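The structure appears right after this line, and notes come after that.
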Amino acid sequence: MPRLCFGCNAPLYRGEEHVCTVCRNQLPLTEYTFNAENPVDRIFYGRINIIKASAFLFFTEKGIVKSIIHYLKYKNQEQIGSFLGDWYGHILKENNFLNQINFVVPVPLHRKKLRKRGYNQVALFAKQIATHINAQYIDHVLIKTANTRTQTKKSRILRWQNKQALYVLSDQDIFRNKNVLLLDDVITTGATMEACATALSRTKGINIYIASMAVVP
Ligand SMILES: [Zn+2]
């Protein structure tokens, strides 16, 4: 079996990993930094109290990024998260703003979903980034309490959030006065990040940063 590019399905040449050279060069990097205001910040204005938001790539309905993330989430290609996290981690490391991050937290899956998929698709991405910025990866504190469908509309998530917390913290103290970077795969409406950040924000003195593999432009 030849190894195939997760972006375009072309056979990979020796020395190529995960994506072919053509796709690698075509990956739509946002080039948003944590220093200047960007459109990801604007998604969250007036919704949650975060310090900064950013994203690594642009997600479009057709194209390389959609294909790569599809393999990552639905085709057992967990290592793609590591590939993206290593690349984005290199970029973030150059960003002095993020040198003070204490904890890196992936958006959690419900335990049933985790069992079914076998891995959290954000875990390796988050671990790589944590390594690059000298922060601690931590995935047992932020917990998802209900197994909602992935395509849940923003209004439904918020309604749920109002009735009972969709995300909760197992430890109310660990993030006290700490800088926490929350990571997800794709930011679309921002509803998932908003729900997670709402749970995190119950900790006193926490500073929340947000980033994702990709953002829908
Ligand atoms: Zn390719």
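None of these values were measured; they are calculated from a predicted model. When a ligand or atom number is given, it counts from 1 through the structure's own listing order.
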Return the set of residues passing salt bridge (charged side-chain N to carboxylate O under 4.0 Å, His left out) with R24 (not counting sequence neighbours), or none when no residue passes.
-> none

D184 side-chain N/O to V122 backbone N/O, donor-acceptor pair under 3.5 Å = no

Go through the structure and list residues passing salt bridge (charged side-chain N to carboxylate O under 4.0 Å, His left out) with E31, not counting sequence neighbours.
-> none

Around the Zn ion (ligand 1), how many protein N, O or S atoms are there at under 2.8 Å?
-> 4

Kindly write out the residues that satisfy salt bridge (charged side-chain N to carboxylate O under 4.0 Å, His left out) with R111, not counting sequence neighbours, or none if the list is empty.
-> none

Do the side chain of D86 and the main chain of S82 share a donor and acceptor less than 3.5 angstrom apart?
-> no

Have a look at Y32 and tell me which of F56, F58, Y88 forms a ring-ring contact (aromatic ring centres under 6.0 Å, His included) with it.
-> F58

